[in-house]
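Here is the structure we will look at.
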Amino acid sequence: QVQLVESGGGLVQAGGSLRLSCAASGRTFNNYAMGWFRQAPGKEREFVAAVTWSRGSTYYADSVKGRFTVSRDNTKNTVYLQMYSLKPEDTAVYYCAARLLFSWERESIVLVAPKGYDYWGQGTQVTVSS
(Lines give C-alpha, C1' and ligand atoms only; values in the text may rest on other atoms or scores of the structure.)
Protein backbone atom coordinates (compact mmCIF):
# COMPACT_ATOMS: atom_id res chain seq x y z
CA GLN A 1 0.00 0.00 0.00
CA VAL A 2 1.41 3.35 -1.04
CA GLN A 3 1.97 5.87 1.71
CA LEU A 4 3.11 9.46 1.45
CA VAL A 5 3.95 11.17 4.71
CA GLU A 6 4.73 14.89 4.80
CA SER A 7 6.65 16.65 7.53
CA GLY A 8 8.43 19.93 8.15
CA GLY A 9 5.58 22.40 8.22
CA GLY A 10 5.24 25.07 10.86
CA LEU A 11 5.02 28.75 11.67
CA VAL A 12 7.61 31.10 10.20
CA GLN A 13 7.97 34.83 9.76
CA ALA A 14 7.83 36.43 6.36
CA GLY A 15 11.20 36.17 4.66
CA GLY A 16 12.02 32.95 6.46
CA SER A 17 12.50 29.45 5.13
CA LEU A 18 11.20 25.94 5.68
CA ARG A 19 11.94 22.55 4.20
CA LEU A 20 9.13 20.09 3.69
CA SER A 21 9.77 16.38 3.31
CA CYS A 22 7.62 13.66 1.80
CA ALA A 23 8.56 10.08 2.62
CA ALA A 24 7.18 7.64 0.08
CA SER A 25 6.73 3.90 0.61
CA GLY A 26 4.78 0.93 -0.64
CA ARG A 27 6.06 0.54 -4.19
CA THR A 28 8.82 1.39 -6.63
CA PHE A 29 8.49 4.94 -7.90
CA ASN A 30 10.83 4.84 -10.89
CA ASN A 31 8.08 5.68 -13.38
CA TYR A 32 6.40 8.20 -11.14
CA ALA A 33 6.44 11.94 -10.69
CA MET A 34 6.03 13.61 -7.33
CA GLY A 35 4.12 16.83 -6.96
CA TRP A 36 3.65 19.41 -4.26
CA PHE A 37 0.31 21.18 -4.03
CA ARG A 38 -1.14 23.59 -1.53
CA GLN A 39 -4.58 24.66 -0.43
CA ALA A 40 -5.44 27.79 1.51
CA PRO A 41 -8.80 28.21 3.28
CA GLY A 42 -11.56 28.94 0.81
CA LYS A 43 -9.34 28.33 -2.21
CA GLU A 44 -8.82 25.50 -4.61
CA ARG A 45 -5.84 23.21 -4.40
CA GLU A 46 -3.05 24.61 -6.54
CA PHE A 47 0.13 23.27 -8.04
CA VAL A 48 3.39 24.32 -6.44
CA ALA A 49 6.17 22.14 -7.85
CA ALA A 50 6.91 18.69 -9.23
CA VAL A 51 9.88 16.42 -9.86
CA THR A 52 10.14 13.28 -11.95
CA TRP A 53 11.57 10.40 -10.01
CA SER A 54 13.79 8.89 -12.70
CA ARG A 55 15.36 11.93 -14.39
CA GLY A 56 14.83 14.55 -11.71
CA SER A 57 13.16 17.03 -14.08
CA THR A 58 11.58 19.86 -12.13
CA TYR A 59 8.59 22.13 -12.67
CA TYR A 60 7.36 25.14 -10.72
CA ALA A 61 4.38 27.41 -10.44
CA ASP A 62 5.21 30.97 -11.43
CA SER A 63 4.32 32.17 -7.94
CA VAL A 64 7.15 30.16 -6.35
CA LYS A 65 9.76 30.11 -9.10
CA GLY A 66 13.08 31.36 -7.78
CA ARG A 67 12.01 30.92 -4.14
CA PHE A 68 11.20 27.18 -3.87
CA THR A 69 13.29 24.19 -4.88
CA VAL A 70 11.97 20.66 -5.31
CA SER A 71 14.31 17.68 -5.17
CA ARG A 72 14.31 13.95 -4.51
CA ASP A 73 16.60 11.51 -2.80
CA ASN A 74 16.25 8.14 -4.47
CA THR A 75 18.16 6.35 -1.73
CA LYS A 76 15.69 7.54 0.90
CA ASN A 77 12.54 7.52 -1.25
CA THR A 78 11.98 11.07 -0.10
CA VAL A 79 11.01 14.25 -1.91
CA TYR A 80 11.80 17.69 -0.55
CA LEU A 81 10.42 21.17 -1.01
CA GLN A 82 12.86 23.80 0.14
CA MET A 83 11.08 27.12 0.57
CA TYR A 84 12.91 30.45 0.86
CA SER A 85 11.71 34.05 1.12
CA LEU A 86 8.33 32.92 2.37
CA LYS A 87 5.40 35.30 2.10
CA PRO A 88 2.09 35.42 3.99
CA GLU A 89 0.35 34.33 0.79
CA ASP A 90 2.30 31.07 0.94
CA THR A 91 0.23 30.11 3.98
CA ALA A 92 -1.62 26.87 3.22
CA VAL A 93 -1.76 23.16 3.83
CA TYR A 94 0.91 21.58 1.64
CA TYR A 95 0.36 18.15 0.16
CA CYS A 96 2.68 15.84 -1.68
CA ALA A 97 1.28 13.52 -4.30
CA ALA A 98 2.45 10.81 -6.68
CA ARG A 99 1.35 9.93 -10.17
CA LEU A 100 2.41 7.42 -12.76
CA LEU A 101 4.06 9.14 -15.69
CA PHE A 102 3.74 7.69 -19.19
CA SER A 103 6.40 8.29 -21.82
CA TRP A 104 4.00 9.98 -24.21
CA GLU A 105 2.75 12.50 -21.68
CA ARG A 106 3.90 16.09 -21.78
CA GLU A 107 5.21 16.55 -18.28
CA SER A 108 4.85 20.33 -18.12
CA ILE A 109 1.13 19.95 -18.78
CA VAL A 110 0.08 16.86 -16.85
CA LEU A 111 2.07 17.44 -13.69
CA VAL A 112 0.32 20.70 -12.78
CA ALA A 113 -3.15 19.11 -12.59
CA PRO A 114 -4.19 17.62 -9.24
CA LYS A 115 -6.68 15.22 -10.81
CA GLY A 116 -3.98 13.10 -12.43
CA TYR A 117 -2.32 12.13 -9.17
CA ASP A 118 -3.00 8.68 -7.76
CA TYR A 119 -1.73 9.03 -4.21
CA TRP A 120 -1.81 11.88 -1.70
CA GLY A 121 -0.30 12.56 1.68
CA GLN A 122 -2.23 13.90 4.64
CA GLY A 123 -0.82 17.42 4.32
CA THR A 124 1.29 19.66 6.52
CA GLN A 125 0.39 23.19 7.59
CA VAL A 126 2.65 26.09 6.65
CA THR A 127 1.84 29.44 8.22
CA VAL A 128 3.78 32.57 7.31
CA SER A 129 3.25 35.57 9.58
CA SER A 130 3.70 39.13 8.38
Side-chain angles (χ1 to χ4, degrees):
Q1 183 177 355
V2 173
Q3 275 196 316
L4 304 176
V5 180
E6 302 101 331
S7 61
L11 174 64
V12 63
Q13 287 190 331
S17 62
L18 280 174
R19 188 178 80 157
L20 305 183
S21 300
C22 174
S25 62
R27 68 165 303 123
T28 302
F29 292 95
N30 289 344
N31 297 320
Y32 276 69
M34 306 297 290
W36 285 98
F37 292 82
R38 65 187 182 187
Q39 189 165 18
K43 295 189 176 181
E44 292 188 354
R45 192 167 296 190
E46 66 172 358
F47 171 75
V48 176
V51 59
T52 62
W53 207 275
S54 57
R55 290 185 292 126
S57 302
T58 58
Y59 303 89
Y60 297 93
D62 288 342
S63 59
V64 306
K65 206 170 289 184
R67 300 189 297 123
F68 291 11
T69 301
V70 62
S71 62
R72 88 270 190 253
D73 184 335
N74 290 6
T75 63
K76 297 181 179 179
N77 257 20
T78 300
V79 177
Y80 303 98
L81 184 68
Q82 178 68 57
M83 305 184 291
Y84 297 103
S85 301
L86 283 162
K87 306 175 182 179
E89 51 264 43
D90 293 319
T91 295
V93 177
Y94 284 70
Y95 299 89
C96 81
R99 64 158 287 164
L100 187 61
L101 197 57
F102 295 98
S103 58
W104 62 84
E105 291 182 305
R106 191 160 177 183
E107 294 173 2
S108 61
I109 294 176
V110 301
L111 293 184
V112 303
K115 65 179 181 180
Y117 285 78
D118 305 302
Y119 306 103
W120 290 84
Q122 82 287 352
T124 186
Q125 176 71 45
V126 171
T127 303
V128 184
S129 63
S130 56

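When the side chains of ILVMFWY residues are joined at heavy-atom separations under 4.5 Å, either directly or via intervening members, Phe37 and Val51 end up in two distinct hydrophobic clusters. Phe102 and Tyr59 are members of different hydrophobic clusters when ILVMFWY side chains are connected at heavy-atom separations under 4.5 Å. No single ILVMFWY cluster, assembled from side-chain heavy atoms under 4.5 Å apart, contains both Val112 and Val64. Met83 and Val93 fall into different hydrophobic clusters, defined by Ile, Leu, Val, Met, Phe, Trp and Tyr side-chain heavy atoms under 4.5 Å apart, directly or through other members.
Here the CD atom belonging to Gln1 is positioned 9.5 Å from the OH atom belonging to Tyr119, to the nearest 0.5 angstrom.
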Legend entry - Derivation and outcome, side chain to side chain donor-acceptor pair (under 3.5 Å), residues Thr28 and Asn30: CA-CA 6 Å; Thr28 302; Asn30 289 344; 5.6 Å; no

Inset, instruction - Let me see the working for Gln82 and Ser71 under side chain to side chain contact (heavy atoms under 4.5 Å, CB included), right down to the final yes or no. - result: CA-CA 8 Å; Gln82 178 68 57; Ser71 62; over 6 Å; no

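A donor-acceptor pair under 3.5 Å is formed between the side chain of Glu6 and the backbone N or O of Cys96. Distance alone, capped at 3.5 Å, places no donor-acceptor pair between the Thr91 side chain and the Thr127 backbone. A donor-acceptor pair under 3.5 Å links the side-chain atoms of Gln39 to the main chain of Lys43, judged by distance alone.
Between Val126 and Gly9, the shortest heavy-atom distance links the atoms CG2-CA, 4.2 Å. Contact detail for Ala92 and Gln125: the closest heavy-atom pair is O-NE2, 3.4 Å. Annotation for Tyr117 and Ala33: closest pair CE2-O, 4.2 Å, computed over non-hydrogen atoms.
Applying the side chain to side chain contact (heavy atoms under 4.5 Å, CB included) rule to Ser54 yields no partners; only residues at least two apart in sequence or on another chain are considered. Annotation: side chain to side chain contact (heavy atoms under 4.5 Å, CB included) contacts of Lys65 (sequence neighbours excluded): Tyr60, Asp62. Under the ring-ring contact (aromatic ring centres under 6.0 Å, His included) criterion, Tyr95 pairs with no residue at all, not counting sequence neighbours. In this structure, the side chain to side chain contact (heavy atoms under 4.5 Å, CB included) partners of Ala113, at least two apart in sequence or on a different chain, are Lys115. Under the salt bridge (Lys or Arg N to Asp or Glu O under 4.0 Å) criterion, Arg106 pairs with no residue at all, not counting sequence neighbours. Under the side chain to side chain contact (heavy atoms under 4.5 Å, CB included) criterion, Ser63 pairs with Arg38, Ala61, sequence neighbours left out. Applying the ring-ring contact (aromatic ring centres under 6.0 Å, His included) criterion to Phe29, with sequence neighbours excluded, gives Tyr32, Trp53. Every residue was checked against the side-chain hydrogen bond (donor to acceptor under 3.5 Å, both in side chains) condition with Ser103, not counting sequence neighbours, and none meets it.
Counting heavy atoms from C-beta on, the side chains of Trp36 and Phe47 never come closer than 4.5 Å. Between Leu101 and Val110, some side-chain heavy-atom pair lies under the 4.5 Å cut-off. Using a 4.5 Å heavy-atom threshold, the side chains of Arg67 and Lys87 count as touching. A 4.5 Å side-chain heavy-atom check between Arg72 and Asn77 finds every atom pair outside the cut-off. A 4.5 Å side-chain heavy-atom check between Thr52 and Leu111 finds at least one atom pair inside the cut-off. Proximity of Trp120 to Leu4: side-chain heavy atoms (C-beta onward) are nowhere separated by under 4.5 Å.
Other residues sharing the hydrophobic cluster of Ile109, ordered by chain and number and joined by side-chain separations under 4.5 Å: none, the residue standing alone.
Other residues, nucleotides and ligands contribute over 12 non-hydrogen atoms within 6.0 Å of the CD atom of Gln122.
Counting only residues at least two apart or in different chains, salt bridge (Lys or Arg N to Asp or Glu O under 4.0 Å) contacts with residues 76-86 are absent. Applying the salt bridge (Lys or Arg N to Asp or Glu O under 4.0 Å) rule to pairs touching residues 117-129 yields nothing, sequence neighbours excluded.
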Mind listing the side-chain donor-acceptor pairs of residues 14-25 below 3.5 Å, one per line with the distance, residues two or more places apart or on another chain?
none

